[in-house]
Amino acid sequence: MINRRTILKQELVTKLYPNSVSIKSAMQHLRREIDTCPDLKRQIAKAGHTKRHYYNKQQLLLILEHFCVEPEEFEEL
């Protein structure tokens, strides 16, 4: 299980998009994915502030659920 309270957005995208050319392009992929799903975007905004360099634990779990990735599986990435 995820023990940390926050995770850096850059760290998240390197695990979710390992084949991206750069971190910047991976961040764009994640932003695009979140923007295409208004329900997910609303839930993430409800769970905490979004204009920081990290996601909190609740936001991370929402994103992982959207990508159908279990928290244990995410730790192994």
- Note on the structure: Here the gap from C37 atom SG to R42 atom CZ, rounded to the nearest 0.5 Å, amounts to 9.0 Å
- Output for pair (M27 CE, S22 OG), nearest 0.5 Å, gives 11.0 Å
- Name the one of D39, I44, L40 that satisfies side-chain contact (heavy atoms from CB on, under 4.5 Å) with H66? L40
- Heavy atoms of other groups near H53 NE2, more than 12 under 6.0 Å: no
- Query: Taking all non-hydrogen atoms of both residues, which atom of L61 and which atom of P71 are closest, and how far apart?
  - Reply: CD2-CG, 3.8 Å
- Check Q59 against G48 and note the closest heavy-atom contact, atom names and distance. NE2-O, 3.1 Å
- By salt bridge (Lys or Arg N to Asp or Glu O under 4.0 Å), R32 pairs with (sequence neighbours left out) none
- Item | Listed partners of K41 passing salt bridge (Lys or Arg N to Asp or Glu O under 4.0 Å), at least two apart | D35
Check side-chain contact (heavy atoms from CB on, under 4.5 Å) between [X] and all other residues, then give those that pass, not counting sequence neighbours.
X   : result
E73 : V69, E70
Q10 : I23
Y54 : T6, L8, R52

- Query: Which is it for Y17 and L12 under the side chain to side chain contact (heavy atoms under 4.5 Å, CB included) test, yes or no, and what are the steps along the way?
  - Reply: CA-CA 8 Å; Y17 301 103; L12 173 65; over 6 Å; no
- Within the side chain of N56, is there an N or O that forms a donor-acceptor pair under 3.5 Å with the backbone of R5? no
- Could you note down all residue pairs passing salt bridge (charged side-chain N to carboxylate O under 4.0 Å, His left out) where residues 6-21 supplies at least one of them, sequence neighbours left out? R4-E11
- Evaluate the side-chain proximity of I63 to F74: yes if any heavy-atom separation is below 4.5 Å, no if none is. no
- Task: Quick one: do L62 and Y55 satisfy side chain to side chain contact (heavy atoms under 4.5 Å, CB included)? Show the steps, please.
- Result: CA-CA 10 Å; L62 289 168; Y55 285 120; over 6 Å; no
